[in-house]
Amino acid sequence: MARSNILNELTATSLRDKVYELMAQLPNNKVTTYGDLAAMAGYPYAARIVGGIAHNGALDLPWHRLVNAKGGLAVGFPGGQEAQKQLLEQDGIFCDAQWRIIDFEERRWKPV
DNA sequence: CGAGTGACCGCAA
DNA sequence: ATTGCGGCCACTC
């Protein structure tokens, strides 16, 4: 039983807090999508909110590891996709000329 | 408190 | 394959 129940102990009153927790436990060598993150929070169709949270939530969370369902880098990322690409490379993640995460399906973070 | 907006997603032509 | 449209919920102003 270990700490795989992190989500269960979350008493997040808002989706935002949940997203933060999820991002906090997101491995540095993996990526996730807005949709998956929202789905984990309990709202499969709340992908937009996750994006809004990322936009407004200027915390120290690794938002650059967030990509869209197509495995592509975010369009509205501050600094552009090139900036996000650089950040991803720092974490050992690479993407092609189409701004797509390489081996995206394998890099996709899978909750325990 | 009310209205608008959004770093998205999925489906249809 | 690409382009366009609507919809979902929460957050901000």
Side-chain angles (χ1 to χ4, degrees):
Chain A
M1 329 239 238
R3 58 294 194 128
S4 61
N5 56 353
I6 296 174
L7 300 180
N8 291 337
E9 296 199 54
L10 288 179
T11 53
T13 168
S14 62
L15 182 67
R16 191 185 185 193
D17 293 331
K18 229 164 191 178
V19 172
Y20 285 135
E21 293 293 335
L22 289 166
M23 291 296 291
Q25 54 132 329
L26 175 65
N28 290 0
N29 61 338
K30 298 224 173 174
V31 299
T32 185
T33 71
Y34 298 90
D36 282 2
L37 206 62
M40 285 187 253
Y43 296 90
Y45 295 93
R48 303 196 89 189
I49 297 103
V50 178
I53 291 167
H55 183 217
N56 295 299
L59 299 186
D60 297 333
L61 293 173
W63 301 110
H64 57 272
R65 270 182 272 162
L66 262 180
V67 297
N68 57 33
K70 300 179 192 109
L73 305 186
V75 178
F77 193 87
Q81 295 167 312
E82 48 182 290
Q84 188 172 4
K85 180 179 179 181
Q86 295 298 323
L87 292 169
L88 287 170
E89 289 183 353
Q90 292 177 20
D91 289 337
I93 301 169
F94 299 88
C95 59
D96 56 23
Q98 300 178 19
W99 307 111
R100 282 201 327 179
I101 301 296
I102 297 176
D103 295 332
F104 167 59
E105 293 301 333
E106 298 183 21
R107 289 277 190 182
R108 206 178 200 174
W109 174 52
K110 189 173 179 162
V112 187

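All values reported here derive from a predicted model rather than from experimental measurement. Reminder, nothing fancy here: chain letters follow the sequence lines and each chain counts from 1. What you see below is based on every heavy atom in this structure, not just the backbone, and it leaves out hydrogens, waters and symmetry mates.
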Just the atom pairs and distances: protein N or O near nucleotides 10-13 of chain C's N or O, under 3.5 Å.
residue: C/dC11; atom: OP1; partner: A/S14; partner atom: OG; Å: 3.4

At a cut-off of 3.5 Å, list every protein nitrogen or oxygen paired with a nitrogen or oxygen from nucleotides 8-11 of chain B, distance to 0.1 Å.
residue: B/dC8; atom: N3; partner: A/R48; partner atom: NE; Å: 3.0
residue: B/dC8; atom: N4; partner: A/R48; partner atom: NE; Å: 3.3
residue: B/dC8; atom: N4; partner: A/R48; partner atom: NH2; Å: 2.8
residue: B/dC9; atom: OP1; partner: A/A69; partner atom: N; Å: 2.6
residue: B/dC9; atom: OP2; partner: A/A69; partner atom: N; Å: 3.1

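Within the 3.5 Å criterion, the main-chain N or O of A/H64 finds a donor-acceptor partner in the side chain of A/Q84. The backbone N or O of A/G71 sits nowhere less than 3.5 Å from a side-chain atom of A/R108 that would complete a donor-acceptor pair.
Contact check of residues 100-110 of chain A against DNA chain B (heavy atom, cut-off under 4.0 Å) returns no residues at all.
Rounded to an integer number of Å, the gap from A/H55 NE2 to B/dG4 C1' is 14 Å.
A distance of 11.5 Å separates CD in A/Q90 from CG in A/N28, rounded to the nearest 0.5 Å. Atom CG of A/N68 is separated from atom OG1 of A/T33 by 8.0 Å, given to the nearest 0.5 angstrom.
Residues passing the side chain to side chain contact (heavy atoms under 4.5 Å, CB included) test with A/P78: none are found, sequence neighbours excluded. A/A46 is linked by a side chain to side chain contact (heavy atoms under 4.5 Å, CB included) to A/L15, A/A38, A/Y43, A/I49, counting only residues two or more places apart in sequence or in another chain.
If you chain together hydrophobic residues whose side chains sit under 4.5 Å apart, A/V31 and A/L26 never meet in one group. Criterion: ILVMFWY side-chain heavy atoms under 4.5 Å apart, direct or through other members. Under it, A/L73 and A/I93 are part of a common hydrophobic cluster. The cluster map of Ile, Leu, Val, Met, Phe, Trp and Tyr, joined by side-chain heavy atoms under 4.5 Å apart, puts A/L61 and A/L88 in different clusters.
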All N/O donor-acceptor pairs, side-chain side in residues 97-107 of chain A, below 3.5 Å, sequence neighbours left out:
residue: A/W99; atom: NE1; partner: A/Q81; partner atom: OE1; Å: 3.3
residue: A/R107; atom: NH1; partner: A/N29; partner atom: O; Å: 3.1
residue: A/R107; atom: NH2; partner: A/G92; partner atom: O; Å: 3.0

